[in-house]
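Just follow the structure's listing: the first ligand is 1, and inside any ligand the first atom is 1.
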Amino acid sequence: MRAEARIDLDAIRGNIAAVRARVGSAAVMAVVKSDAYGHGMVPCARAAREAGATWLGTAVVEEALALRAAGDTGRVLTWLWAPGDAFEDAVRADVDISVSGLWAMREVVAATRAAGRPARVHLKADTGLGRNGCTPAEWPALVDAALKAQADGMVEVVGLWSHFACADEPLHPSVAAQLTEFTALLEHAERCGVTPEVRHLANSPATLLLPESHFDLVRVGLATYGLSPVPDVGDPAHFGLRPAMTLVASLAGVKRVPAGHGVSYGHAWVASKETTLALVPTGYADGIPRHASNTGPVLVAGHRRTIAGRVAMDQFVVDLGDDEAAAGDEAILFGPGDHGEPTAEDWAVATGTISYEIVTRIGVRVPRVYGGTAAP
Ligand SMILES: *Cc1c(COP(=O)(O)O)cnc(C)c1O
């Protein structure tokens with residue numbers, strides 16, 4: 001083992017159970033885009049299904065098709081489409097398709113013709129995020145086009161939805177404004193004759209903090225993996241969540257160096273006294289942020305230590321002081337935190353980012369190893 005990401009599938013099951021307990025009758029979608037935020041899509045999707053996630057969410061169609069290829073037959077929604085994308089493959093694979101504009105509705109209708117079967121669509125509105133989704137001004141035309149395609153037997157309009165900009169700041173005025181706008185757009189669509197199966201707005205922070213945003217379905221990404229989307233409000237345990245990823249590496253070398261010895265490129269760290277250095281064989285190619293140079297926390301030989309010098313492509317160094325360690329000993333970069341190891345949130349703070357990015361960026365050179373009682 002050089003380095004591995006240990007994924008606790010029991011934690012994922014427990015996190016979905018915790019979300020379900022919080023949302024009452026609303027359904028739960030586990031968002032498994034970007035290889036399940038770096039945790040490995042198929043095993044995490046299975047674990048989430050076992051715990052009662054009746055929906056899976058993916059950003060892009062390749063992800064949804066990979067779930068189907070792995071045998072998943074449940075509801076899967078895909079939302080990020082570009083012209084020319086594999087709409088027909090999605091229709092054939094029974095993937096729910098988000099439609100954010102008239103161009104996408106035309107592509108879906110063409111795909112249903114080619115596939116010879118109708119598609120399930122979710123109409124997406126931009127209620128204030130300013131990203132994907134049609135504007136409120138475009139909404140009536142999109143609803144009309146969808147209802148016409150539905151009357152023609154080409155689509156079934158099963159979802160109406162939107163996405164928050166600032167759910168992690170519940171008092172931000174945009175939160176109430178988006179809820180009001182979403183409600184108005186729902187009312188318009190329903191007045192026009194849409195009978196949605198699911199109306200959905202909440203991501204992880206909204207699921208944890210804004211019960212009024214739950215509607216019929218919540219879309220939880222980060223919470224599925226046991227990280228807190230609102231670390232200032234509460235850590236994972238505060239919300240009944242447990243981090244699923246533990247990133248470990250075997251020390252590739254340990255050596256004693258004299259005072260004045262420089263470490264790694266640019267000698268951005270120099271030993272102030274004689275000390276012991278440990279070499280950790282992971283670097284920015286594995287997703288260790290280069291911004292963690294001289295700041296990233298690591299547990300080695302039972303103590304929290306800090307990266308010494310620059311993170312290189314494949315390796316970095318930790319100053320162990322006078323601690324004893326040997327090549328082959330385990331370094332824990334982050335985990336749930338119960339054994340004194342840093343958390344992904346600690347890395348996010350150390351590097352000026354969010355825990356989402358810390359776990360999602362772990363690279364393909366790091367194998368994911370699955371644990372928990374029903375590991376595949
Ligand atoms: C990624 C994503 C989510 C999940 O967000 P989290 O904050 O990780 O829960 C939900 N909905 C959409 C549209 C997304 O892109």
Side-chain angles (χ1 to χ4, degrees), residues 12 15-16 18-20 22-23 26-39 41 44-45 48 53-64 75-82 95-101 104 121-134 159-170 172 174-175 178 182 198-211 213-234 236 239-241 243-245 344-345 348 353-361:
I12 288 182
N15 296 333
I16 293 291
V19 168
R20 286 182 69 194
R22 191 175 281 276
V23 301
V28 173
M29 172 188 291
V31 176
V32 295
K33 64 190 179 188
S34 291
D35 203 27
Y37 291 38
H39 294 65
M41 183 175 68
C44 292
T54 48
W55 289 79
L56 298 175
T58 75
V60 300
V61 64
E62 291 80 1
E63 295 165 331
R75 296 296 283 279
V76 177
L77 172 65
T78 293
W79 50 75
L80 188 58
W81 298 89
V95 171
D96 284 54
I97 298 172
S98 173
V99 172
S100 282
V121 299
H122 298 231
L123 305 183
K124 184 171 192 191
D126 178 358
T127 54
L129 174 60
R131 215 173 61 178
N132 205 356
C134 80
L160 299 172
W161 75 299
S162 189
H163 193 37
F164 275 119
C166 307
D168 54 338
E169 299 170 62
H172 192 285
S174 69
V175 171
Q178 286 197 257
F182 187 57
V198 282
R199 301 159 300 165
H200 50 109
L201 181 58
N203 53 1
S204 291
T207 299
L208 299 176
L209 300 180
L210 296 164
S213 72
H214 292 171
F215 293 92
D216 307 309
L217 173 68
V218 297
R219 307 184 306 271
V220 284
L222 197 72
T224 299
Y225 310 104
L227 297 170
S228 172
V230 282
D232 297 341
V233 179
F239 296 109
L241 305 172
M245 183 188 290
E345 179 59 31
T353 185
I354 53 177
S355 61
Y356 290 80
E357 188 181 8
I358 296 298
V359 290
T360 304
R361 61 186 293 153

* Asked: Would a 4.5 Å heavy-atom cut-off, applied to side chains only, mark Trp81 and Val61 as touching?
  -> yes
* Just checking, is any N or O donor in the side chain of His163 or Asn132 under 3.5 Å from an acceptor N or O on the other one? -> no
* **Heavy-atom pair of closest approach, residues Ala165 and Gln178** => N-OE1, 2.9 Å
* Structure fact -> In chain-and-number order, ligand 1 lies under 4.0 Å from a heavy atom of each of Val31, Lys33, Tyr37, Trp79, Trp161, His163, Asn203, Ser204, Pro205, Arg219, Val220, Gly221, Leu222, Tyr356
* To do: Taking the side chain as every heavy atom from C-beta outward, state whether Tyr356 and Pro229 have any atom pair closer than 4.5 Å.
  => yes
* Would you mind reporting whether Met29 and Val198 have side-chain heavy atoms less than 4.5 Å apart? => no
* State yes or no: are the ring centers of Trp55 and His122 separated by less than 6.0 Å? => yes
